[in-house]
Amino acid sequence: FQRLKAGLSRSSNAISQGIASVFTKRKLDAETLEEFEDVLIQADLGLPAATAITAAIAKGRFDKEIEGDEVKTILAEEVAKILTPVAKPLVLDPALKPHVILVVGVNGTGKTTTIGKLSAKLRAEGRTVMLAAGDTFRAAAVEQLKIWGERTGAAVVSRAIGADAAGLAFDALKEAQAAGTEVLIIDTAGRLQNRAELMAELEKIIRVIKKQDPAAPHTVLMTLDATTGQNALSQVEIFGRTAGVTGLVMTKLDGTARGGILVAIAEKYRLPIHFIGVGEGVDDLEPFEAEDFARAIAG
Ligand code: GDP
């Protein structure tokens, strides 16, 4: 919680300072509420959430004095209300061999690292894991995945740089099925510079996997970098449409995160948020806890 709180300090400091400057011991009036709503919008929470939270503050308190601490308590409660329905653990079907997890997201958002951490978690639970190095364009991504495979005791399927990612995913799934592997995690490319090509590649990977197992991928995890702010919304839009994202992981919540955007995303897309990344280490993947997050962001 302390690390999350520190990571979210950029958002929570801005909110705290905003609250301190807006609620200056005067009676709650329309102007105060409007200023408070602006503070929340500046902190990336999005207009619908900002409006709902402001309404909750106003309810029964209009024309009365209100303290900053009371505002923070209500803010935390309201953010928790938005986040609680989407805070869901990642559930894997043990009957599947393998349960296929496709991992998507813009390059640099933490796909490979998250796969490594997730592999470690699953291995610690005693499951067999195979990793497919589907980002076939970046030698570094393939190398990183191999290192994570070695570290966590997961088999890694890779091809030469530039090889067809869909073909690789197909082969990996066949291998995992033959070996009776419980979880197959497929890394993908995230070059947003060439959006059409990237989306075509993701669609092809999914199409090809389905030939081998019509229900796969069973999970499509998307990584979001908590330091990006507003841009994360359009990323969810694009990948959600193309890859059928089933759940989110917000990474880099340990750094100088702008976590407010997670509230806007939860409010708009209602996608499950499974994990948060709080560091580069193998143990730095934590379940997403709505109340902790809400308390940390409210300052
Ligand atoms: P990919 O391009 O999406 O596969 O992203 P990577 O997994 O290569 O991650 C990009 C960079 O972000 C690397 O330097 C990672 O170590 C770092 N990173 C990933 N997740 C986290 C996190 O939760 N916290 C911090 N501080 N760094 C992270």
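Predicted model only: the values in this text are computed from it and were never measured. Order of appearance sets the numbers: ligands from 1, and atoms from 1 within every ligand.
Residues Leu122 and Ile276 do not share a hydrophobic cluster, defined by chaining ILVMFWY side chains whose heavy atoms lie under 4.5 Å apart.
Under 4.0 angstrom from ligand 1, the non-hydrogen atoms of Lys117 all belong to its side chain. Contacts with ligand 1 closer than 4.0 Å are made by side-chain heavy atoms of Asp254 only, the backbone lying farther away.
The shortest N/O to N/O separation between Asn107 and ligand 1 does not fall below 3.5 Å. Note: an N/O pair closer than 3.5 Å links Gly277 and ligand 1 by distance alone. For ligand 1, the polar-atom distance check finds no N/O of Asp284 at less than 3.5 Å from any of the ligand's N/O atoms. When only interatomic distances are considered, the shortest N/O to N/O separation between Glu280 and ligand 1 falls below 3.5 Å. The distance criterion of under 3.5 Å between nitrogen or oxygen atoms is met by Arg138 with respect to ligand 1.
Of the inter-residue distances, the one linking Lys146 atom NZ with Leu131 atom CG reads 12.0 Å to the nearest 0.5 angstrom. Atom CD1 of Ile115 sits about 11.5 Å away from atom CG of Leu285, to the nearest 0.5 Å.
Contact of the Ile101 side chain with the Leu118 side chain is registered, since non-hydrogen atoms from C-beta on lie closer than 4.5 Å. At a threshold of 4.5 Å between non-hydrogen side-chain atoms, the residues Met250 and Phe275 do not count as touching. Side-chain contact between Asn107 and Arg138: present, with at least one pair of heavy atoms (C-beta onward) separated by less than 4.5 Å. With a 4.5 Å cut-off on side-chain heavy atoms, His99 and Arg127 do not count as touching. With a 4.5 Å cut-off on side-chain heavy atoms, His218 and Leu96 count as touching. For the pair Leu92/Glu182, no side-chain contact is recorded, criterion being any heavy-atom separation below 4.5 Å from C-beta on.
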Open item on the list: side-chain hydrogen bond (donor to acceptor under 3.5 Å, both in side chains) for Glu37 and Thr51? Distances and angles first, verdict last.
Closed with: CA-CA 7 Å; Glu37 197 176 57; Thr51 307; 3.2 Å; yes
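The shortest heavy-atom distance from Thr109 to ligand 1 is under 4.0 Å.
Counting the atoms of ligand 1 from 1 in the order shown, those under 4.0 Å from a heavy atom of Val278 are 23 (O). Of all atoms in ligand 1, listed by their number and element, those nearer than 4.0 Å to a heavy atom of Lys252 are 12 (O), 18 (N), 21 (C), 22 (C), 23 (O), 24 (N), 25 (C), 27 (N), 28 (C). Near Val106, meaning under 4.0 Å from any of its heavy atoms, are these atoms of ligand 1: 3 (O).
For atom 2 (O) of ligand 1, the closest non-hydrogen atom of the protein is Gly108 N, 2.7 Å. Shortest contact from atom 3 (O) of ligand 1 to any protein heavy atom: Lys111 N, 2.8 Å. Looking only at heavy atoms of the protein, atom 5 (O) of ligand 1 is closest to Gly110 N, 3.0 Å. Looking only at heavy atoms of the protein, atom 4 (O) of ligand 1 is closest to Thr112 OG1, 2.7 Å.
Considering only non-hydrogen atoms, atom 9 (O) of ligand 1 lies nearest to Thr113 out of Thr114, Leu145, Thr113, Ile115. For atom 21 (C) of ligand 1, the candidate residues are Gly281, Ala140, Gly7, Gly279; the nearest heavy-atom contact is made by Gly279.
Side-chain contact annotation: Asn13 with Ser16, donor-acceptor N/O pair under 3.5 Å absent.
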